[in-house]
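Below you'll find the structure, written out as structure tokens, and then a few comments.
No experiment lies behind these values; they were computed from the predicted model shown.
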Amino acid sequence: MILLDYKDRRPIYEQVVEKLQDLMICGVLEQDSQLPSVRSLATDLSINPNTIQRAYAELERRGFIYSVKGRGSFVSDTSSIRALKVSELRKELGGWLCEARNAGVTEDKVHCWVAEDWKGQKSMVREEEQRDKSGESDETV
């Protein structure tokens with residue numbers, strides 16, 4: 001469920017927060033579903049329970065989860081979580097589009113890239129990149 005990267009420079013609790021947020025956003029952890037207890041998750045991940053406690057506290061501070069005294073932690077309303085993620089993605093996309101425009105990439109080319117990646121046609125993108133490097137492409141960037 002959660003894989004930690006010990007080579008990552010970020011603290012472990014931040015990685016746990018990110019992974020749990022991702023599970024909430026994609027619907028694996030549904031609204032009002034109970035999260036694993038601090039001890040059980042710490043045991044599963046072979047990390048200190050204080051690390052999980054800190055991650056849960058951060059998730060609660062951000063509004064992703066809520067606690068019920070004596071019962072545990074539960075996933076908050078997932079629609080607000082998704083809206084936050086969409087807002088972040090929109091902001092990132094705006095930055096990438098600005099960079100692409102400044103690099104001379106045409107709007108049609110961006111549409112083509114998005115359509116290809118959305119459909120999962122990564123091999124076509126790789127072939128196009130190879131053609132572009134060799135100068136065989138008749139399309140302009």
How long is the gap from [atom1] on [X] to [atom2] on [Y], to the nearest 0.5 Å?
X      : Y      : atom1 : atom2 : answer
Asp77  : Met24  : CG    : CE    : 12.0 Å
Glu18  : Ile25  : CD    : CD1   : 9.5 Å
Asp117 : Cys112 : CG    : SG    : 9.5 Å
Gln31  : Thr78  : CD    : OG1   : 5.0 Å
Tyr13  : Asn48  : OH    : CG    : 14.5 Å
Cys98  : Leu93  : SG    : CG    : 11.5 Å

State, to 0.1 Å, how close [X] and [Y] come at their nearest heavy-atom pair, and which atoms those are.
X      : Y      : value
Ile2   : Leu20  : CD1-CD2, 3.7 Å
Val110 : Val105 : CG2-CG1, 3.7 Å
Gln21  : Phe64  : NE2-CE1, 3.1 Å
Ser73  : Tyr56  : OG-CD2, 3.8 Å
Asp32  : Phe74  : O-CD2, 3.5 Å
Cys26  : Arg82  : C-NH2, 4.3 Å

Membership question, hydrophobic clusters at under 4.5 Å side-chain separation (ILVMFWY): are [Y] and [X] in the same one?
X     : Y     : value
Leu35 : Val68 : no
Leu4  : Val28 : yes
Leu23 : Val86 : no

For [X], is the [atom1] atom crowded, meaning more than 12 foreign heavy atoms sit under 6.0 Å from it?
X     : atom1 : answer
Leu3  : CG    : no
Glu88 : CD    : yes
Arg10 : CZ    : yes

Exercise. If we only count heavy atoms from C-beta on, is the Ile12 to Leu45 side-chain gap below 4.5 Å?
Worked result: no
Exercise. Is there a donor-acceptor pair closer than 3.5 Å between any side-chain N or O of Gln15 and the backbone N or O of Asp5?
Worked result: yes
Exercise. Any donor and acceptor pair, going by atom type alone, linking the side chain of Thr43 with main-chain N or O of Arg39 inside 3.5 Å?
Worked result: yes
Exercise. Does a donor on one side chain and an acceptor on the other come within less than 3.5 Å for Thr106 and Asp108?
Worked result: no
Exercise. Please walk me through it: do Val17 and Arg62 pass side-chain contact (heavy atoms from CB on, under 4.5 Å)?
Worked result: CA-CA 10 Å; Val17 167; Arg62 294 181 187 179; 3.4 Å; yes
Problem set entry | Arg54 with Glu58: basic N within carboxylate O range, under 4.0 Å | no
